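This report concerns only the one structure given below.
These numbers come from a predicted model, not from an experiment.
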Amino acid sequence: QVQLVESGGGLVQPGGSLRLSCAASGSIFSINAMGWYRQAPGKQRELVARVSSDGGTNYADSVKGRFTISRDNAKNTVYLQMNSLEPEDTAVYYCWARVVQSPFRPAYESWGQGTQVTVSS
């Protein structure tokens with residue numbers, strides 16, 4: 001099994017910054033992609049940002065220019081630097097990874113437990 005452990009959430013004022021981290025551990029052969037999703041109360045879970053193993057990234061339109069995703073392949077860790085935070089960014093943020101445990105088995109998706117980000121004055 002693979003575990004994804006998130007850290008870095010919390011309460012921040014509008015305009016502030018937070019940095020989320022997510023470390024993958026367990027039986028890992030490789031990780032094709034890692035990223036972050038979020039879910040606000042009463043809304044569906046949505047993609048925030050993803051990064052592939054070769055460094056390619058994609059972002060939700062709502063966070064472009066404010067959030068930056070990065071990845072340390074040696075540590076199986078993904079980061080999300082969030083700047084200029086807005087109240088609309090308030091949500092539970094979930095780490096996501098597409099993991100390969102063996103070259104003879106297909107990749108599967110793994111999720112973290114989630115970390116709360118609250119943007120409020």
Side-chain angles (χ1 to χ4, degrees):
Q1 293 296 323
V2 174
Q3 296 80 40
L4 301 180
V5 178
E6 302 120 330
S7 61
L11 172 65
V12 64
Q13 292 186 341
S17 298
L18 282 176
R19 187 185 192 221
L20 305 183
S21 300
C22 172
S25 63
S27 178
I28 299 171
F29 175 78
S30 65
I31 301 180
N32 293 344
M34 299 186 79
W36 295 92
Y37 287 71
R38 67 186 181 187
Q39 188 167 18
K43 295 187 177 181
Q44 290 188 329
R45 190 174 297 188
E46 62 176 3
L47 171 69
V48 176
R50 294 199 300 190
V51 56
S52 63
S53 57
D54 64 1
T57 59
N58 61 296
Y59 294 90
D61 288 343
S62 60
V63 307
K64 285 180 180 177
R66 300 187 298 121
F67 292 9
T68 302
I69 191 169
S70 61
R71 177 174 170 176
D72 185 333
N73 290 333
K75 296 181 179 180
N76 289 331
T77 299
V78 64
Y79 307 95
L80 185 68
Q81 178 66 43
M82 304 185 293
N83 299 328
S84 302
L85 282 160
E86 303 168 352
E88 292 74 23
D89 296 317
T90 295
V92 177
Y93 284 69
Y94 295 92
C95 181
W96 166 89
R98 186 178 294 125
V99 179
V100 178
Q101 289 189 297
S102 163
F104 308 107
R105 295 168 62 183
Y108 74 95
E109 296 187 336
S110 183
W111 293 88
Q113 296 287 340
T115 184
Q116 177 70 45
V117 171
T118 302
V119 184
S120 175
S121 55

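Under the 3.5 Å distance criterion, the side-chain polar atoms of Gln101 are left unmatched by any main-chain donor or acceptor of Arg105. Not a single donor-acceptor pair under 3.5 Å links the side chain of Thr90 to the backbone N or O of Glu88. In this structure a side-chain-to-backbone donor-acceptor pair under 3.5 Å is present from Glu6 to Gln113.
A 4.5 Å side-chain heavy-atom check between Ser120 and Leu11 finds at least one atom pair inside the cut-off. In this structure, Thr118 and Val12 have side chains that are not in contact, with every pair of non-hydrogen atoms separated by 4.5 Å or more.
Residues Asn32 and Arg71 come closest through the heavy atom pair O-NH1, 3.5 Å. The shortest heavy-atom contact between Val92 and Gly114 is CG1-CA, 3.8 Å. Across all non-hydrogen atoms, the minimal contact from Ser17 to Ser84 is OG-N, 4.4 Å. Contact record, Ile69 with Gly35: CD1-CA, 3.8 Å, taken as the closest heavy-atom pair. For the residue pair Leu4 and Ala24, the shortest heavy atom distance occurs at CD2-CB, 3.4 Å. Taking every heavy atom of both residues into account, Val78 and Cys95 meet most closely at CG1-SG, 3.9 Å.
With rounding to the nearest 0.5 angstrom, the OG atom of Ser110 is 12.0 Å from the CZ atom of Arg98. Expressed to the nearest 0.5 Å, how far CZ of Arg50 lies from CG of Asn58 amounts to 5.5 Å. Interatomic distance, Ser7 OG to Arg19 CZ, rounded to the nearest 0.5 Å: 9.0 Å. The SG atom of Cys22 sits 11.0 Å away from atom CD of Gln3, with the distance rounded to the nearest 0.5 Å.
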Let's go through Ser70 and Tyr79 carefully: what are the C-alpha distance in whole Å and the side-chain angles of both, what is the deciding distance for side chain to side chain contact (heavy atoms under 4.5 Å, CB included) to 0.1 Å, and is it a yes or a no?
CA-CA 5 Å; Ser70 61; Tyr79 307 95; 3.6 Å; yes
Step-by-step side chain to side chain contact (heavy atoms under 4.5 Å, CB included) determination, Thr68 to Met82:
CA-CA 7 Å; Thr68 302; Met82 304 185 293; over 6 Å; no
Start with the C-alpha distance between Tyr59 and Leu47, add both sets of side-chain angles, then the distance that settles side chain to side chain contact (heavy atoms under 4.5 Å, CB included), and finish with yes or no.
CA-CA 8 Å; Tyr59 294 90; Leu47 171 69; over 6 Å; no
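At a cut-off of 3.5 Å, with distance as the only test, a side-chain donor of Arg38 or Tyr93 sits close to an acceptor on the other residue.
A cation-pi arrangement is not found for Arg45 relative to Trp96, the charged atom failing to lie both closer than 6.0 Å to the ring centre and inside a 45° cone about the ring normal.
There is no path of hydrophobic side-chain contacts, each under 4.5 Å, that joins Val117 to Tyr37. Cluster annotation: Tyr94 is not connected to Leu85 through the hydrophobic network of ILVMFWY side chains, with a link wherever side-chain heavy atoms come within less than 4.5 Å. A single hydrophobic cluster is seen to contain both Met34 and Ile28, as judged by linkage of ILVMFWY side chains at heavy-atom distances under 4.5 Å, directly or through other members.
Annotation: Phe67 is not in aromatic contact with Trp36 [ring centroid separation under 6.0 Å not met].
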